[in-house]
Amino acid sequence: MIGGLFIYNHKGEVLISRVYRDDIGRNAVDAFRVNVIHARQQVRSPVTNIARTSFFHVKRSNIWLAAVTKQNVNAAMVFEFLYKMCDVMAAYFGKISEENIKNNFVLIYELLDEILDFGYPQNSETGALKTFITQQGIKSRHQTKEEQSQITSQVTGQIGWRREGIKYRRNELFLDVLESVNLLMSPQGQVLSAHVSGRVVMKSYLSGMPECKFGMNDKIVIEKQGKGTADETSKSGKQSIAVDDCTFHQCVRLSKFDSERSISFIPPDGEFELMRYRTTKDIILPFRVIPLVREVGRTKLEVKVVIKSNFKPSLLAQKIEVRIPTPLNTSGVQVICMKGKAKYKASENAIVWKIKRMAGMKESQISAEIELLPTNDKKKWARPPISMNFEVPFAPSGLKVRYLKVFEPKLNYSDHDVIKWVRYIGRSGIYETRC
Amino acid sequence: MTDSKYFTTTKKGEIFELKAELNSDKKEKKKEAVKKVIASMTTGKDVSALFPDVVNCMQTDNLELKKLVYLYLMNYAKSQPDMAIMAVNTFVKDCEDPNPLIRALAVRTMGCIRVDKITEYLCEPLRKCLKDEDPYVRKTAAVCVAKLHDINAQLVEDQGFLDTLKDLISDSNPMVVANAVAALSEIAESHPSSNLLDLNPQSINKLLTALNECTEWGQIFILDCLANYTPKDDREAQSICERVTPRLSHANSAVVLSAVKVLMKFMEMLSKDLDYYGTLLKKLAPPLVTLLSAEPELQYVALRNINLIVQKRPEILKHEMKVFFVKYNDPIYVKLEKLDIMIRLASQANIAQVLAELKEYATEVDVDFVRKAVRAIGRCAIKVEQSAERCVSTLLDLIQTKVNYVVQEAIVVIKDIFRKYPNKYESVIATLCENLDSLDEPEARAAMIWIVGEYAERIDNADELLESFLEGFHDESTQVQLQLLTAIVKLFLKKPTETQELVQQVLSLATQDSDNPDLRDRGYIYWRLLSTDPVAAKEVVLAEKPLISEETDLIEPTLLDELICYIGTLASVYHKPPSAFVEGGRGVVHKSLPPRTASSESAESPETAPTGAPPGEQPDVIPAQGDLLGDLLNLDLGPPVSGPPLATSSVQMGAVDLLGGGLDSLIGGTNFVAPPTAAVPANLGAPIGSGLSDLFDLTSGVGTLSGSYVAPKAVWLPAMKAKGLEISGTFTRQVGSISMDLQLTNKALQVMTDFAIQFNRNSFGLAPAAPLQVHAPLSPNQTVEISLPLSTVGSVMKMEPLNNLQVAVKNNIDVFYFSTLYPLHILFVEDGKMDRQMFLATWKDIPNENEAQFQIRDCPLNAEAASSKLQSSNIFTVAKRNVEGQDMLYQSLKLTNGIWVLAELRIQPGNPSCTLSLKCRAPEVSQHVYQAYETILKN
C-alpha cells in the first residue's frame with residue numbers, strides 16, 4: 001500500500017511529508033526531488049521507479065503531490081486517491097497553492113491521518129469529514145454522545161455521504177447537464193472522431209433522507225417501456241439517445257442500474273456529480289470549421305477559416321474562440337474578420353479570434369496573411385490543428401432529463417413540493433479541425 | 001488562521017526557545033510551539049531533542065494538540081524508544097475514552113509507533129478495540145492488526161488477533177469488513193502458504209454483499225481480494241461475475257479496473273459457447289473506453305492495462321480503434337501508449353484510418369513519438385498485407401521530408417518489409433540509396449547495408465556503396481561491422497569477379513585487425529567457407545531467411561497470464577512480475593489464471609522462488625524481429641540449416657588461394673549440389689585446428705540425425721506364458737524410421753519355426769512394415785535378434801492407455817498374445833521444428849485449458865545439455881530465453897499423425913527438478929509426451 005505521501009512546491013521543497021510505512025525512508029523525499037522535479041527532461045511517465053521505490057505523482061498548478069511505495073500497490077487506486085486528496089484539500093481551503101498548503105498544514109496532517117491509515121485509503125467524502133475535522137481544529141469537547149456516534153456511524157456507514165437530520169424550509173434541487181463535445185475533423189470535413197463526455201451535476205437542498213430516482217431519454221429504457229405501447233416507441237424513439245457507457249457517484253445503487261437500468265440514490269447534501277456518460281452516436285456538432293491554408297512561396301501563408309453554426313436559430317452560442325496556429329518563424333500577420341475580434345499572439349504562436357455571441361445557422365469568416373522569416377530549418381512545420389472553444393445552451397448529445405422524483409417517506413413533503421431546476425450547457429472539449 | 005509563519009526559519013537557539021515555549025503554562029503558547037516543531041520536522045530539520053518536552057504536552061483534552069503530539073511521536077519514537085514508553089499510559093487511557101473518535105485515534109497512533117517495547121502494551125487495548133461497540137473504532141483496529149503484524153508477526157499470531165480479524169469479515173458494518181479484508185490480504189501475502197484468507201463460497205458471498213455497501217476504497221480492497229479466489233466450477237465463476245459487473249459503472253477508475261481484473265480472471269473458467277461469455281465480453285469494452293476520459297495519469301495506468309487485455313483477448317476492443325487516436329494535447333506518455341495499442345488493434349478493417357493517423361503523427365514534434373509512429377507504419381505493412389503498398393508509399397513520402405531521424409527510422413522498417421514481402425518493393429531501393437549519407441545511427445546504417453548486400457545484384461554500384469562504408473570500418477559499431485562483413489560476402493557470392501579485392505579486404509579487417517571475438521569468428525567462418533567450398537558458402541550465406549513475425553513486443557504467454565492477475569497494480573504498469581521490483585518476500589507469489597474446468601488445483605502456484613528479473617530487461621519476446629545475421633549463425637535457434645560439408649583440411653590463414661577450389665563451379669553457377677545432409681559427422685570439431693573448432697562444436701547437435709534414445713530391452717513375453725518362447729524387445733527410431741528390436745529366445749526343448757507377427761489396431765496406426773523374418777529355425781536355447789521395421793499407416797483405434805500396443809506372435813507351436821507400451825518419442829518426426837512465429841501464434845491459439853504442467857525431478861541438466869539431448873529425439877528447441885535466472889526452452893515436436901505438441905521447459909540452475917508445460921490440441925497425449933521427456937532427459 002501507499003508507504004508515504006509528500007507534497008512539494010515548484011522548487012522541490014517539502015511542504016508536507018507523511019510516512020506510513022517503515023520501508024520508506026527520508027531519502028525517498030530527496031530521490032523524488034532529484035530524479036523527477038529537478039530532472040532536466042520532460043516527465044515521461046507519471047510513475048517513476050527509483051531504486052526499487054515507486055513514485056506516483058500528480059501536479060496541481062505548481063504543486064507536486066507524490067505517493068511513494070515499495071510494494072505492488074493498486075496503481076489506479078493510488079492515482080484516484082491523489083485526485084481525491086486534491087478535491088478534499090480544495091473543499092477545505094480552496095485553491096491548492098503553496099501559500100494555502102503552508103497556511104493549513106496542521107489541517108492537512110489531520111486529514112492525512114484520517115483518510116489514509118497505514119497506506120489504506122479510508123472514507124474521504126468531504127461531507128462526512130467536515131463533520132469532525134474543521135479548520136478550527138476538531139470540535140470534540142462540546143459534542144454530546146449522540147453526536148459522536150452519529151459522526152462515526154456516518155463515516156463508516158452505508159450512506160457515508162449524508163448525515164441524518166438535515167432540514168430545509170424550502171426543498172429545492174438543481175440539475176446541470178454539462179457536456180463537453182469533442183471533435184477531430186480532417187481538413188476535408190470528415191469526422192475522424194467525435195464524442196460527448198457529459199456530467200450530470202446535482203445540487204440538492206432536501207430534508208431528511210430523500211430517495212431519488214432520475215430518468216433520462218436513454219434508448220434502452222425507452223425501448224423497454226415502449227414495448228407495451230407500440231406507437232409511443234416510434235414517437236419517443238427518435239428522441240432517445242444511445243449512451244455508450246456511464247459511471248455513477250457512489251450513492252447510486254449500481255446493482256439496480258445493472259438489472260433495471262434505473263438510477264436511484266440518496267443524494268449527498270449540496271453539490272455532487274451524479275453521473276458521467278459518454279456518447280458517440282448522432283452527436284450534434286454545434287460548429288463546423290472550414291480551413292483553407294495556402295503556402296505562397298517560402299515566406300508567406302494565406303489562411304482562410306470559415307465557421308458555421310449548426311443549431312436552432314433561436315439559440316445563442318457564447319464565448320466563441322477560434323485558435324489558428326501559426327508557424328514558429330512568423331514575422332507578421334494581417335487579419336480581417338467579419339465578426340468579433342482577432343489578434344495575432346506571438347507568444348502563443350496563434351491567431352486568436354473571439355466572438356462574443358453567435359446565433360444558430362449563421363456563418364462567419366476570417367482571413368489572414370502570415371509573413372514568414374526565411375529559415376534553413378529542414379524540419380517542416382507540424383501544422384497543429386485549429387481548435388475551437390464555445391458554449392451552447394443545449395446538450396450536443398441530445399440528452400434530456402425526463403424526471404427526477406423525490407420520495408421522503410418519513411417527513412411530510414412530497415415530490416410536488418420540491419422545486420426543481422434543470423439547465424443544459426454544452427461546451428467544447430477538444431474541438432479540433434486539422435488544416 | 002495562517003500557519004505558514006511556522007515555516008519561517010528562525011536562527012540559532014531555536015531549539016532552546018522552543019523548549020521554553022513547550023513548557024509554558026499557557027495552552028495557546030504550547031500549541032503554537034508544537035506547531036512550530038511539526039513544521040520544522042516537515043522541512044527535514046532534526047527536532048528529536050525536544051522529545052520529552054513534546055511528550056509532556058500529550059496529556060491534554062485538546063484534541064488538536066493531541067493529534068500534533070501524536071504526529072511527532074510517530075516520527076521520532078523509533079529514535080527514542082525508551083522515552084516513547086512514557087507515552088504508553090496516555091494511549092492506554094485514551095483507548096478507554098468515552099469518545100469513539102479518541103479511542104480510534106489512540107489505537108491508530110499506537111500502531112504507528114514502531115517500537116518493540118510498546119507492542120506488548122498495545123495488545124490489550126487492541127483486543128478491546130477489535131470488539132468495540134463503535135464500528136469506527138473496529139475498522140481502525142482492523143488496520144492496526146496489520147500494523148502490528150508488520151512489527152512483530154509472531155506476537156499477532158500468539159495473541160490470536162488473526163482469528164479476531166477473520167471474524168470481522170462477518171461484521172455488520174461494510175467498512176469494517178473492507179478494512180479487515182485489506183489487513184488479512186496483506187498479512188496473507190507474507191505467509192503465502194497459510195490458509196489465512198480461507199475463501200469459500202460462504203465468505204465470498206459475504207464479501208459480495210459488503211461490496212454493494214462500502215466506500216469506493218473498500219470496494220477496491222474487496223475486489224482485489226476476490227481476484228485471488230478460484231471458484232470451484234464455471235457456474236460459481238459466472239455467478240460471481242454477475243455480481244461484480246455492476247461495478248464497471250463506478251465513477252472510481254480503480255474500482256472499475258479491479259472489477260475488470262476479477263472478470264478477466266474468472267472468464268478463463270467460462271466456456272466460450274456460453275451466452276453469458278459473449279455478454280461479458282461486450283460489457284467489458286465500454287468501461288475500458290471510459291477510462292480514457294479520466295485524468296492523464298489514470299489514462300496511462302488504464303492504457304498499460306489495456307495493452308495487456310488486448311494481447312490476452314483482442315476481441316474485446318477490436319472495434320474501438322478510434323478512441324486510441326492520439327490527441328494533440330495528450331501528454332507524451334499517453335501518446336506513446338496509445339500508439340502501441342493502435343498497432344495491436346490494426347487490422348484490415350481499419351487500416352486506412354490507422355495509416356492516415358500515423359502519417360499525421362509522423363510530422364509531430366516529439367522525436368520518440370515520431371520514431372514510434374514511423375515504426376508503426378512499418379508494422380502495419382507487415383501485419384496487414386493489403387496495406388503494404390500504401391505503407392511503403394507513405395514511408396517513401398516520409399523519406400522525402402529528409403528529416404534525419406524520420407529517414408533513418410523509415411529505412412529500418414523498410415528492411416523488415418523487404419523481408420516479409422520479398423521481390424515486391426525493391427523498386428524503392430534507389431530512393432533509399434540516395435539517403436545513404438544522412439544515416440548516422442547504427443541501426444539505420446546496418447539496415448541500409450543489409451539492403452545493399454541482399455539486393456547487390458540489382459544495385460549497380462553496390463560495391464562502391466559498401467566500399468564507402470569500409471573506409472571507416474573500425475569506427476563503426478559492432479552491429480554495423482557485422483552487417484558490413486556479411487553484406488560484402490553476399491556481394492562477392494553474387495558478383496565474384498569484380499569484388500575479390502573487397503572481400504579480401506573486409507575479411508582481413510574482420511579477422512586480423514579486430515578485437516571483437518564475434519566479428520573475428522564470423523570472419524573466419526566466412527573465410528573458411530569461401531576457401532573450401534563456395535557452393536556451400538552460397539547455401540549458407542544466401543540461405544532463405546525465416547519469415548519475420550507479424551507482432552512485436554508481445555509479452556510472453558506465461559508472463560501475460562500472470563500480469564492479467566495483476567490488473568490495476570504496479571506490475572501491470574511496469575509489465576513486470578512483482579518479484580522484479582518488490583523487495584523481500586512480499587508479493588513474489590506467482591499468480592496464474594485459473595484453469596477452465598473445475599479442478600482441485602489452487603490458483604496460486606506455490607512457487608515462491610526468489611525470482612528477480614533484472615529491472616532493465618524488457619519483457620522481450622520470442623519472435624522479436626530476428627537479427628538477420630543472428631538467424632544465419634545461431635544455428636540452434638534458426639531453421640535447421642543443412643550443415644555444410646566441411647573438408648577436414650586445416651584453415652589456411654591469409655591463404656592466397658582464397659578463391660581457388662570451387663570458384664569455377666561458382667562462376668559457372670549452374671549445378672548446385674545439395675549437400676548430403678545425413679553425412680555430416682557428429683563431431684566436426686576434432687579435425688579442424690584453430691579456434692574454429694569451438695564454434696562448430698556448438699552446432700554439433702544440429703545437423704546430425706543420430707537416433708533417439710533407446711530403452712534397454714525388456715521382457716515382453718516370458719517363456720512360461722508362451723510355451724518356451726521368450727520375447728524381449730524395445731522400440732527405436734533411427735533416421736526417420738521406427739523399428740521394433742526383438743530378441744527371441746527358445747527356452748523350450750523343441751525347434752521353433754514359422755514365425756509371424758501381427759499388431760492389433762492402435763492409437764497411432766503402428767504396423768509391421770515387413771514380415772517377421774527369422775531365417776533359420778530357432779533351436780533350443782538359441783537366441784536371435786531381429787529388427788522389425790514399423791510403419792504408421794496401419795488402422796487406428798484409440799487405446800487405453802494411449803500408447804498401448806497389442807501384439808500377436810505366431811510360431812509352429814501356437815499363437816501368443818502380449819501387450820506392451822511403446823515410448824511416445826519414437827513417434828516424434830524429424831520435421832517437428834516449428835518456426836518461431838508459428839510457435840507463438842500456435843501457443844496463443846491453443847486454449848489454456850489444454851495446457852498441462854509436469855515436474856521432472858532429479859534431472860540435473862543444464863539447458864544446453866537438455867536441449868541437445870531432446871533434439872536427438874526430435875524434440876526441437878525453437879527458442880531459448882533466460883527469465884529471472886531460469887532458462888526457458890520453448891520446444892516443439894510433431895507426432896507421426898501430424899499432432900503438434902508445444903512445450904515450455906523451465907530449468908533452474910542448481911535445482912534438479914525442472915518444470916514442463918505442454919500445450920497441444922489433443923491434450924490426452926500430454927501425459928505420454930511428459931513420460932517421453934522424462935525418459936529422454938534421465939538417460
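Reminder, nothing fancy here: chain letters follow the sequence lines and each chain counts from 1.
- The residue among A:Gly429, A:Ser193, A:Ser54 with the most heavy atom pairs within less than 4.5 Å of chain B is A:Ser54.
- In this structure, chain A has heavy atoms under 4.5 Å from both the backbone and the side chain of B:Val289.
- Most heavy-atom pairs under 4.5 Å with chain B, from the set A:Ser197, A:Pro384, A:Ser259, A:Ser186: that is A:Pro384.
- One finds no salt bridge joining B:Lys327 and B:Glu357 here, because no Lys/Arg side-chain nitrogen approaches an Asp/Glu carboxylate oxygen to under 4.0 Å.
- For B:Pro98, the part lying under 4.5 angstrom from a heavy atom of chain A is the backbone only.
- Comparing B:Pro246, B:Ala254, B:Gly218 by how many heavy-atom pairs each has under 4.5 Å with chain A, the most go to B:Pro246.
- With a 4.5 Å cut-off on non-hydrogen atoms, B:Ala146 touches chain A through its backbone and its side chain both.
- For chain B, the nearby parts of A:Phe248 are the backbone and the side chain; heavy atoms of each come within less than 4.5 Å.
- Residue with the most contacts toward chain B among A:Val29, A:Asn49, A:Asp244: A:Asn49 (heavy-atom pairs, distance under 4.5 Å).
- When ring centroids are compared, A:Phe118 and A:Tyr20 stay outside the 6.0 Å threshold.
- Interface remark: A:Glu13 contributes no atoms to any contact with chain B (heavy atom separation under 4.5 Å).
- Residues A:Ile7 and A:Ile101 are in side-chain contact: their nearest non-hydrogen atoms beyond the backbone lie under 4.5 Å apart.
- When all heavy atoms are compared, the tightest approach of A:Cys246 to A:Phe257 is SG-CZ, 3.6 Å.
- Heavy-atom pairs under 4.5 Å with chain B peak, among A:Arg383, A:Arg278, A:Met77, A:Gln250, at A:Arg278.
- Interface check for chain B: of the options A:Arg434, A:Lys256, A:Glu273, the most heavy-atom pairs under 4.5 Å are formed by A:Arg434.
- Contacts of A:Thr280 with chain B are absent, with no heavy-atom separation under 4.5 Å from either backbone or side chain.
- Using a 4.5 Å cut-off between heavy atoms, A:Glu98 makes no contact with chain B at all.
- The shortest side-chain heavy-atom distance between B:Leu223 and B:Val255 falls under the 4.5 Å cut-off.
- If you measure heavy-atom distances from A:His195 to chain B, the contacts under 4.5 Å come from the side chain alone.
- For the pair A:Lys70 and A:Asp23, the salt-bridge criterion is not met [side-chain N within less than 4.0 Å of a carboxylate O].
- If you measure heavy-atom distances from B:Arg243 to chain A, you find no contacts under 4.5 Å at all.
- Side chain to side chain, A:Glu432 and A:Ser387 fail the donor-acceptor criterion of an N or O pair below 3.5 Å.
- Highest contact tally toward chain B, considering only A:Leu184, A:Val78, A:Val58, A:Ile430, is held by A:Val58 [criterion: heavy-atom pairs under 4.5 Å].
- Ranked by heavy-atom pairs under 4.5 Å with chain A, the list B:Leu298, B:Asp368, B:Leu257 is led by B:Leu298.
- Interface residue A:Arg18: only side-chain heavy atoms are found under 4.5 Å from chain B.
- For B:Met74, the part sitting under 4.5 Å from any heavy atom of chain A is the side chain, from C-beta outward, and nothing else.
- For B:Leu105, the part sitting under 4.5 Å from any heavy atom of chain A is the side chain, from C-beta outward, and nothing else.
- Remark: side-chain polar atoms of B:Glu213 are not paired, donor with acceptor, to backbone N or O of B:Leu211 under 3.5 angstrom.
- When heavy atoms are compared at a cutoff of 4.5 Å, A:Asp117 approaches chain B by way of both its backbone and its side chain.
- Of all the listed residues (B:His250, B:Glu337, B:Lys322), the one sharing the greatest number of non-hydrogen pairs under 4.5 Å with chain A is B:His250.
- Side-chain atoms of A:Asn104 come within 3.5 Å of backbone atoms of A:Asn100 as a donor-acceptor pair (strictly under, hydrogens ignored).
- Residues B:Val107 and B:Cys144 come closest through the heavy atom pair O-SG, 3.5 Å.
- With a 4.5 Å cut-off on non-hydrogen atoms, A:Asp258 touches chain B through its side chain but not through its backbone.
- No donor-acceptor distance shorter than 3.5 angstrom exists from the side chain of B:Thr215 to the backbone of A:Asn123, with no hydrogens or angles considered.
- Between A:Lys84 and B:Glu216 there is a salt bridge, since at least one side-chain N of the basic residue sits less than 4.0 Å from a carboxylate O of the acidic one.
- Between chain A and the options B:Val573, B:Asn179, B:Asn252, B:Ile220, heavy-atom pairs under 4.5 Å are most frequent for B:Asn252.
- Side-chain contact check for A:Asp245 and B:Thr290: at least one donor-acceptor pair (N or O, by modelled atom type) lies under 3.5 Å.
- Looking at B:Asp330, there are no atoms closer than 4.5 Å to chain A (heavy atoms on both sides), in backbone or side chain.
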Check your understanding: Do B:Tyr333 and A:Val47 pass the side chain to side chain contact (heavy atoms under 4.5 Å, CB included) test, and can you show the C-alpha distance, the side-chain angles, and the key distance before you say yes or no?
Key -> CA-CA 10 Å; B:Tyr333 50 81; A:Val47 185; over 6 Å; no
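- Both the backbone and the side chain of A:Leu192 come within less than 4.5 Å of a heavy atom of chain B.
- For the options B:Gln353, B:Glu297, B:Gln219, B:Lys139, heavy-atom pairs under 4.5 Å to chain A are most numerous at B:Glu297.
- A donor-acceptor pair shorter than 3.5 Å cannot be found between the side chains of B:Thr42 and A:Ser17.
- Both the backbone and the side chain of B:Phe581 come within less than 4.5 Å of a heavy atom of chain A.
- With a threshold of 4.5 angstrom between heavy atoms, A:Arg26 approaches chain B through side-chain atoms but not through N, CA, C or O.
- The shortest heavy-atom contact between A:Cys86 and A:Arg60 is SG-CG, 3.6 Å.
- Contact annotation for A:Glu125: only side-chain heavy atoms (C-beta onward) come within less than 4.5 Å of a heavy atom of chain B.
- Interface check for chain A: of the options B:Cys112, B:Pro100, B:Ala183, the most heavy-atom pairs under 4.5 Å are formed by B:Pro100.
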Review point. Are B:Ser258 and B:Phe221 close enough, and set up right, to give a side chain to side chain contact (heavy atoms under 4.5 Å, CB included), and what steps lead you there?
Key: CA-CA 9 Å; B:Ser258 291; B:Phe221 306 152; over 6 Å; no
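- The contact between A:Tyr83 and chain B is made entirely by side chain atoms (from C-beta outward), counting heavy-atom distances below 4.5 Å.
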Practice item. Walk me through it: do A:Tyr277 and A:Arg199 pass the test side chain to side chain contact (heavy atoms under 4.5 Å, CB included)? Key: CA-CA 6 Å; A:Tyr277 57 91; A:Arg199 306 187 298 144; 5.8 Å; no
